[in-house]
> 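Got a structure for you, written out below as structure tokens; questions coming shortly.
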Amino acid sequence: LASRLGISPSGDGIRMRRASSRPQPRVFLSYARSEFAANLSRSTQNNAFPTETREHFEQSLEVVRQVKYLKAHVFRFSPRFGTPADAWGDPVSPEEKQARAKELADAAAQTGAEQMKRFIGRTMEVVVERKAGRDGLMEGVTSNWLTIKFTAPATTGGTLQWVRIEEFRDGVLYGELTSRPSLRMA
């Protein structure tokens, strides 16, 4: 099983009026997390689909909270000419769409922070991508989508490095370069 998953909880087929045989994300991720402690997940959230009631939205919000996504991409529905959804119109007001999108994004940010904090103290392999900004730190990504900032020479860009995660601050993980962890034999 991969150490990362991308799941859309609105893919249950209910609001989109189509059949779906996909398993419920809560059930699947509950099993995956119990078997693989480092498993993290991301989601794409379609917000304010024409058939989505406030009750449906609350169910999606509860899924985000229960599944504890690391990240969620939230987008607002907008009808596309010629699609089946276009015929349903756009009954959710722009203000309500914005409020729902903020609720989903805030819930995902909270669960993402909880997930990231679980990795403080661990040493992980990181693909070093680039200099993160004016602070001079480099930024990289682990195999399970954790983004980490750390001090390293610019020449490490595009390489694999081992980083010990030291802290979580302002929505970001920070760490320091280290050597590959050794295997301990009991």
Side-chain angles (χ1 to χ4, degrees), residues 1-34 36-120 129 132-133 139 141-149 167-174:
L1 183 66
S3 62
R4 58 193 180 274
L5 301 166
I7 296 174
S8 174
S10 61
D12 59 12
I14 296 169
R15 290 179 294 274
M16 304 240 184
R17 295 187 182 174
R18 64 179 178 219
S20 176
S21 61
R22 289 196 274 178
Q24 291 292 327
R26 286 177 276 204
V27 173
F28 179 73
L29 283 174
S30 175
Y31 168 76
R33 285 211 175 97
S34 68
F36 307 97
N39 180 272
L40 297 172
S41 56
R42 293 167 41 156
S43 175
T44 299
Q45 300 286 322
N46 183 354
N47 174 37
F49 195 76
T51 58
E52 180 184 69
T53 64
R54 183 66 194 186
E55 182 182 349
H56 290 140
F57 170 74
E58 292 292 337
Q59 290 170 0
S60 292
L61 191 58
E62 186 59 25
V63 168
V64 169
R65 290 180 177 135
Q66 286 181 3
V67 172
K68 299 184 184 306
Y69 290 113
L70 174 65
K71 296 179 183 175
H73 171 72
V74 178
F75 66 96
R76 299 175 206 152
F77 171 79
S78 59
R80 304 279 164 115
F81 179 74
T83 64
D86 183 37
W88 297 333
D90 195 10
V92 181
S93 74
E95 295 80 18
E96 180 65 14
K97 285 182 186 181
Q98 184 173 354
R100 290 182 187 182
K102 183 176 180 340
E103 274 188 86
L104 283 170
D106 289 349
Q110 180 181 356
T111 63
E114 291 169 11
Q115 294 302 316
M116 287 187 271
K117 289 175 184 176
R118 290 180 23 214
F119 290 86
I120 293 173
E129 293 183 332
E139 183 175 271
V141 180
T142 66
S143 65
N144 59 351
W145 285 321
L146 293 172
T147 300
I148 305 171
K149 291 183 178 183
E167 70 175 306
F168 175 81
R169 184 175 73 242
D170 301 323
V172 178
L173 287 170
Y174 292 88

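Values reported hereafter were calculated over all heavy atoms of this structure, with side chains retained and with hydrogens, waters and symmetry mates removed. Keep in mind it's a predicted model, so treat the numbers as computed, not measured.
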> Using 0.5 Å steps for rounding, measure from the CD atom of Q59 to the CD atom of E55.
5.0 Å

> Can you tell me how far apart CD (E114) and CZ (R65) are? Round to the nearest 0.5 Å.
11.0 Å

> Could you tell me whether R54 atom CZ has more than 12 heavy atoms of other residues or ligands within 6.0 Å of it?
yes

> Within a strict 4.5 Å, meaning less than it, do heavy atoms of the I148 and E139 side chains meet?
no

> Would you give the length of the straight line joining atom OH of Y174 to atom CZ of R169, rounded to the nearest 0.5 angstrom?
4.5 Å

> Whether the side chain of T147 engages the backbone of V141 through a donor-acceptor N/O pair (distance < 3.5 Å, no angle test) should be reported.
no

> Rounded to the nearest 0.5 Å, what's the gap from CD on E58 to NE2 on H56? Could you check?
12.0 Å

> So, for S60 and E52, which heavy atoms are closest and what is the spacing to 0.1 Å?
OG-OE2, 4.4 Å

> For a 4.5 angstrom cut-off between non-hydrogen side-chain atoms, does Y69 reach Q115?
no

> Where the side chain of K97 meets the backbone of F77, is there a donor-acceptor pair that is under 3.5 Å apart?
yes

> Please round to the nearest 0.5 Å and tell me the distance separating atom CG of L146 and atom CZ of F168.
10.5 Å

> Less than 4.5 Å apart, side chain to side chain, heavy atoms only: is that true for R80 and D86?
no

> Would you mind reporting whether T111 and L70 have side-chain heavy atoms less than 4.5 Å apart?
no

> Compare every heavy atom of F57 with every heavy atom of E103, then report the nearest pair and how far apart it is.
OE2-CE2, 3.5 Å

> Do you know which two heavy atoms are closest between A108 and V64, and how far apart they sit?
N-CG1, 3.9 Å

> A side-chain contact here means heavy atoms from C-beta on lying under 4.5 Å apart; do V92 and R100 qualify?
yes

> Taking atom CZ of R118 and atom NZ of K68, what is their separation to the nearest 0.5 Å?
10.0 Å

> Provide the closest heavy-atom pair for D90 versus P79 in the form atom of the first, atom of the second, distance.
OD2-CD, 3.7 Å

